[in-house]
S.K.: 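Structure provided below as structure tokens; questions to follow.
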Amino acid sequence: MNEMNTATLEFEKKISAKAAKISGSEALLLCLIAEGVDTIFGYPGGAIMPIYDALYKYKDRLTHILTRHEQGAVHAAQGMARVTGKVGVCFATSGPGATNLITGIADAQIDSTPLVCITGQVPSHLLGTDAFQETDVMGISMPITKWNYQVTKAEEIPFALARAFYIASTGRPGPVLIDITKDAQFAEFDFEYQKCERIRSYHPYPELSLDKLKEAAQIINDAKKPFILVGQGVQLSGAEQELIQFAEKTGIPMASTLLGLSAVPTNHPLYVGYLGMHGNYGPNIKTNECDVLIAIGMRFDDRVTGDLKLYARQAKVIHIEIDPSEIDKNVKATVAINTDAKAALKGLISMVDQGNHAAWIAEFHACDVIENDKVIQAETFPDSGEIKMAEVIRRISELTSGEAILVTDVGQHQMVANRYYKFQKTLSCITSGGLGTMGFALPAAMGAKTGRPDRTVIAVIGDGGFQMTIQELGTIRQSNIGVKILILNNNFLGMVRQWQQLFFEKRYSFTELDNPDFQLITQGYRIPTQKVSNREYLDKALEDWLSTDGPALLEVVVEQEENVFPMVPSGASVSDIRLE
């Protein structure tokens, strides 16, 4: 009998047995398998070494992808979670290994990404002694996790893991951290695992109020200029079809937040664009002209609202949101529906009237004409000068028919990519929204491609953010992850430079980059790469890049001092959006 079959039988025996004495490390892996985990991103070290030793025996059940930095591991787990809807998992050792996860955990918390992060810890008798590589990861991570727990006895591992997966994946998703002391990893106990299905003090799905639905439906039926704001909660609850059904029945126009992008195909006749600081002209100014604002699975962050004192003061606000802490936090709701988006929309569909708001939608289209004339044509179809970011994204969108997964970093390229890519499939816009983490895209794209190997995954990155996690090219090469990497290189920290130009009298203080030769670096990682700076060769370069088997990198040199418009200046009203 071969080694794989022997390991499989051994696993089946252990997982099906009511009790079997095994180490804490092996118990952890069996818990992960029982939860349906098949891929882990991580980086080994002394305090987590027993788990890695046990992992060696489960290579047929669990794929481990060795990242080049723990931040790469957590972002990769985020990327996988965002495209699959499953809980992402990452491993790190104690001390600096654990602290290197913190940025990604904070990112996952604010962007509602389900993660279970496992960290090793010094032996329990050394806790609090400032032992080598000991850090209070519990205290550090408490404000940025849904739940964290330190395991000091092996017997606690099944309990901790079951709760971790339940908490991470239910209600408003988020990250959970489990810290396991080294002695708990070594100790043996009688293993038994039961999935968690209820926690007495935790109620992830608030009860749907029919009275609130009726009140909201009446307001919607009476509205003359209603407007739907589509947040990420629509995708997290799997409510895309219910949203479209609701919008089509009522005839109400829809716009999406940054994280809500791809919930609705951009060519849907009721979709009117993208909200926010660099969003479309119409959705921003019409927010302050609508009479009813229907916000679904969103938190009214400052990049969407601008000056709260001037935001949608004329509108009745219906807020559908699963997290009660978000309701009335920034914008006071006329009707607050504290429940899952899918449940709320299903209920509303049967209560609302058949509607038509063609004249109202025509007002958005009139805004589109203005934006097209003043911004879009010049950005996407330039006839001379340096290559523009928007024209690159437009061509990628055309070449992929809007069906790729776009993973963007943070900066000008992020805004341009999400403005001009014409998303056609849900769960296709992966970006760092709330925290705005530079360095996010490359590792997150690795996770997205690992989770959805059947789809084209494109990482769109600026030259600044690329250098923050550039070492993950090594992970991509070693694991042959077929992500397509696009660097839009303007030799600047572009978004900061734009603000310096517009609001700080062109004092470009420490934003110009003296970049390395990205081509040589990528060649060193043995990844196919090319560079283009002439518009004449752009189309051919894009076609070759997209058609390359496995990973490939394309560097496009773009206009140095290009600005991204429209733009709502920080702290201004959304009505003050600038087109130039």
S.K.: Tell me whether the centres of the aromatic rings in F565 and H278 are closer together than 6.0 Å.
M.R.: no
S.K.: Between Q314 (side chain only) and C290 (backbone N and O only), is there a donor and an acceptor less than 3.5 Å apart?
M.R.: yes
S.K.: Quick one: list whatever passes salt bridge (Lys or Arg N to Asp or Glu O under 4.0 Å) with K540, sequence neighbours left out.
M.R.: D544
S.K.: Can you list everything that forms a salt bridge (Lys or Arg N to Asp or Glu O under 4.0 Å) with R419? Sequence neighbours excluded, please.
M.R.: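 R419 satisfies salt bridge (Lys or Arg N to Asp or Glu O under 4.0 Å) with E371 once adjacent residues are dropped.
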S.K.: Would you list the pairs meeting ring-ring contact (aromatic ring centres under 6.0 Å, His included) in which at least one residue belongs to residues 486-511, sequence neighbours left out?
M.R.: F492-Y508, W499-F503
S.K.: Just jot down the side chain to side chain donor-acceptor pair (under 3.5 Å) partners of H203, sequence neighbours excluded, or say none.
M.R.: none
S.K.: Could you tell me which residues satisfy side chain to side chain donor-acceptor pair (under 3.5 Å) with E391, sequence neighbours excluded, listed by chain and number?
M.R.: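 E391 satisfies side chain to side chain donor-acceptor pair (under 3.5 Å) with R535 only.
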S.K.: Does the D409 side chain pair with the main chain of F440, one donor and one acceptor, at a distance under 3.5 Å?
M.R.: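 The answer is yes, because a donor-acceptor pair under 3.5 Å joins these two groups.
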S.K.: Run the salt bridge (Lys or Arg N to Asp or Glu O under 4.0 Å) test against D454 and tell me which residues pass, sequence neighbours left out.
M.R.: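 Testing D454 for salt bridge (Lys or Arg N to Asp or Glu O under 4.0 Å), a comparison that skips the adjacent residues, returns R452.
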S.K.: Y311: which residues meet the side chain to side chain donor-acceptor pair (under 3.5 Å) condition with it, sequence neighbours left out?
M.R.: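 For Y311 there are no side chain to side chain donor-acceptor pair (under 3.5 Å) partners, ignoring immediate neighbours.
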S.K.: Are the side chains of S237 and I322 in contact, using a 4.5 Å heavy-atom criterion?
M.R.: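 I322 does not reach S237 side chain to side chain.
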S.K.: Salt bridge (Lys or Arg N to Asp or Glu O under 4.0 Å) with E240: which residues, sequence neighbours excluded?
M.R.: none
S.K.: Would you tabulate the side-chain donor-acceptor contacts of residues 379-390 under 3.5 Å, counting partners in other chains and residues two or more places apart, or write 'none'?
M.R.:
unit_1: T380; atom_1: OG1; unit_2: I376; atom_2: O; d: 2.7
unit_1: K388; atom_1: NZ; unit_2: E559; atom_2: OE1; d: 2.8

S.K.: Pairs in or reaching into residues 218-245: which pass ring-ring contact (aromatic ring centres under 6.0 Å, His included), with residues at least two apart or in two chains?
M.R.: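 Applying ring-ring contact (aromatic ring centres under 6.0 Å, His included) to every pair that reaches into residues 218-245, excluding sequence neighbours, yields F227-F364.
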S.K.: Considering only residues two or more places apart or on different chains, which pairs with a residue in residues 274-297 satisfy salt bridge (Lys or Arg N to Asp or Glu O under 4.0 Å)?
M.R.: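 As it turns out, the salt bridge (Lys or Arg N to Asp or Glu O under 4.0 Å) pairs with a partner in residues 274-297, which skip direct neighbours, are K286-E289, K286-E363.
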S.K.: Less than 4.5 Å apart, any side-chain heavy atom of L553 and any of I487?
M.R.: yes
S.K.: Can you tell me which residue pairs pass the side-chain hydrogen bond (donor to acceptor under 3.5 Å, both in side chains) test with a partner in residues 455-467, sequence neighbours excluded?
M.R.: S428-R455, D463-N515, Q467-N515
